[in-house]
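Please read all numbers here as calculations on a predicted model, not as lab measurements.
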Amino acid sequence: MSRKNTAEPETPASHPFWYAGHGRSARKMKSMIASWSLCLSASWLAAPQAVYAQDSAIQISIPAQPLGEALIAVAHRYSLELAYSPDLVRGLRSSNVSGNLSVEQALQRVLANTPISYRISGRNVVLLRRPEPRVNAAPKDAQVLAPIVATASRSDIEPENAPQKIIIIEPEQIEQQLAISSNSSNVLSNMLPAYTPSRDKMNGSGETLRGRTPLIMIDGVPQSNPLRPTGREVHTIDYSMVDHIEVINGASASNGIGGTGGVINIITKSPEPGTLNQHFGIQATTPTSQLKSETMSYKTDYGVNGREGPWEYLLAGSFESQGLALDGWNNPVGADNTQGDLMSSRAYNILAKLGYWIDDNQKLQLSVNHYKIKGRMDYIGIAGDREAGIPTTSERGDPEGLAPHNEVWTSALKYENSNLADTGIKLDAMVFNQRFEGLFGADNSKTFQDPSIAPVGQLYDQSRATADKWGTKLSLTKDDLFDGRLKLTAGFDTLMDKGKQDLYLTGRTYVPESKYTSYAPFVMAEFKLLDNLMLSAGYRYEMGQLDVTSYRTLAAYNNAAVQGGKLKFNEGLFSGGLVYKPLDNLTFFGSFSQGFDMPDVGRALRSINSEGQSIENFQALKPILTDNYEVGMRYRNDRFDMDLSLYQSNSKYGNRVVPVNGQFQLARQKTRIQGLEAGLGVQINDKHHARIGYSYMRGKYDSDDDGSLDAKLGALNVAPNRIVASWSAKWTDKFSSFLQVNYAFSQKFEEKDSNFNGYALVDLALNYKLPKGTVSLSASNLLNKKYITYYSQSALVEPLRYFAGRGRTVTLGYSVNF
């Protein structure tokens, strides 16, 4: 084990408030110093900001190790005095600290990836503590340590230093959203104005980020299925298992295939300090217009985790039963028995993690997540009347076929070494697997008809999509090159993604088995040109191959025989950016990044209707390259935080989804999307925080292949312009509230009868701390707005899917940690 630069600090006699949690003599002082810390904490928190004698940077190198020992080394190097409860750091480990650093930088780095906050008093005494759950921003008199990094960037960049917009959805924000709705699409839509409003169904086709498809990941493991997108990738985990969410906006190739609209990396919960920590939660939801068994929804979750010696563990599970949803007119919301529905469904999730610390720098972790949601198949949809404004409804019945479901297994084995061979190099390695099965409901659509099986119009069938991914990720990072000015990351990724789609009831091939294999080396650099000017650059070389077996299309496509084959793609993908900080609180940034994706291979292959086609000559399977340009600014101070981003993404041979006879087909055309995002947060005082976000976007495509962008992209591709506003308040130590408003502006589209009328939704959540646990009461669609969803108004003109949004519902919940 490495113990560099851990010279003995001055004795406790010379530092009467210092408890470092290290050594036998320190342990003897445990209770006395812990009580001192508690007594002095209030006065220190109220003290003015310190003016340090150590403002200038000094050279320091402290490897990752138990946090208490690392803090001693930092305190000794900068002549600081530490005060904290010994339980605060037990079981925690520091991050690597190396470079020419100020005292602030050293403290931030040693405490990175820990939940510890700090304050330095005028006497250079450092108070360490675990912050209470925040309203939405740090208190004015505290600095939150452990700068959050975006692991999806592959270089662990801090959002404040990124040349593009990166959003971290924090645990408190997720809890606020889950108190209102358990729908993961709602969580993303409420937190990301550039994300399409949720369809509130099991299928999320048409839900995009900045007008393009995002790559969804769980702990870095891809959930999206680019070869045959099903729209089910958002529903692969219960968000009660989630700690926070990293969102990289705009095209990114950092994680390989996918991500032309951005990357959404869902980070699951981790073991906490202590040998046994437990959590229990339960909630019940009902429409306010009817209180009966068929409209009630229930959810419960339980988790246990802890750390014992070098071992750490986590086991969590949840179960949810959703009832019949009612719209604002007090009518049943239409059931989507073909694409799959969230209402009248059951879902469960099991998450397990087991970690082992080989030594202070090395950790091995195995994680497994299993999620399944399945419809109950007890309602049938009754078509609405679009012209009369009558939405689709539901009535009791037995739909044809088997219940639609989503079932996902995600597993990963990770190895981390924060100080490889005592070189200061950080190594991250992972082997992962994701298995997906999505069953759609039965339908007698024209596509499924085959006179050789049954008379035309009488044949019901249902499609099933499956995918099996295996992959590896490897990265090496060195962040103290050239006196701390250069951070270099290099790595190598592999992926084998195999999938198909069949017709489940008749055993016919709908989409043949396709396999995508990728090998991709990459390198990324961040170089500090000046103290306030950072240059970043990256290059990834994607070596891909698509293998498709020979097959015959369905009767609806003339039973055409298609010759299988291989297609190879070798693409170099670039990224670069500048971050300029003329003032400590003000940042300007600009970037260029490229994304790489495959078109919807399934849609392209299943619709071939002429003989003699060969995969090797099929131009519709050429990859999608997206160029993303972005400029923006960020401003932060004690009370305000604001950001502004302008972006444009171009694809010379893009991917546009169009509805044809109730089915979605693929169109390969030149596309361009332009947009603006803005946000403003205000810490009104220590107890009240308000935030507003705005997104504007417009998209165009080349409708006649003449090179000019002459037509507007429709609602299947771009989100409406939106404002999302919220107000968080902590009225007393026990009582808090959260209010949010979503306003989607009306918009005109070129497709017939697809104009969007817009609507505003209001949600409210109240929380009260009991002696044991917290009780919550929330109202979704508080004003009982009567509206038709964005998808049903503008994305697909079809009477059976003219769905209304849910009316007002009330959720009562209770949770406790023990």
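A 4.5 Å side-chain heavy-atom check between Arg346 and Phe319 finds at least one atom pair inside the cut-off. Met241 places none of its side-chain heavy atoms less than 4.5 Å from the side chain of Lys269. Contact check for Asn361 versus Ser418: side-chain heavy atoms found under the 4.5 Å cut-off. Looking only at side-chain heavy atoms (C-beta outward), Phe803 and Asp336 come within less than 4.5 Å of each other. Val234 places a side-chain heavy atom less than 4.5 Å from the side chain of Leu188. Contact of the Leu366 side chain with the Tyr356 side chain is not registered, since no non-hydrogen atoms from C-beta on lie closer than 4.5 Å. Counting heavy atoms from C-beta on, the side chains of Arg228 and Phe436 never come closer than 4.5 Å. Contact annotation: the side chain of Gln176 approaches that of Ser728 to within less than 4.5 Å [non-hydrogen atoms, C-beta and beyond].
The 12-atom threshold is exceeded at OH of Tyr415, counting heavy atoms of other residues, nucleotides or ligands nearer than 6.0 Å.
Taking the six-membered ring for Trp, His235 and Tyr371 have ring centres at least 6.0 Å apart.
A salt bridge links Lys363 to Glu312: one of the charged nitrogens lies within less than 4.0 Å of a carboxylate oxygen. A salt bridge links Lys426 with Asp156: the closest approach of a Lys/Arg side-chain nitrogen to an acidic carboxylate oxygen falls below 4.0 angstrom. With respect to the salt-bridge test (charged N to carboxylate O, under 4.0 angstrom), the residues Asp497 and Lys515 do not qualify.
Judged by distance alone, the side chains of Ser321 and Arg376 do bring a donor and an acceptor atom under 3.5 Å apart.
Arg806 pairs in a side-chain hydrogen bond (donor to acceptor under 3.5 Å, both in side chains) with only one of the listed residues (Thr789, Asn183, Asp200), which is Asp200. Screening Ile266, Ile267, Ile218, Leu351 against Val242 for a side-chain contact (heavy atoms from CB on, under 4.5 Å) leaves a single residue, Ile266.
For the pair Arg199 and Tyr791, the cation-pi test (distance below 6.0 Å, angle within 45°) is passed.
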Next item on the list: Take Asp341 and Lys201 through the test salt bridge (Lys or Arg N to Asp or Glu O under 4.0 Å) and record every step on the way to the result.
Entry: CA-CA 5 Å; Asp341 215 308; Lys201 301 296 182 182; 2.8 Å; yes

Checklist line | Step-by-step side-chain contact (heavy atoms from CB on, under 4.5 Å) determination, Lys498 to Met496 | finding: CA-CA 6 Å; Lys498 183 170 62 176; Met496 193 280 289; 4.0 Å; yes

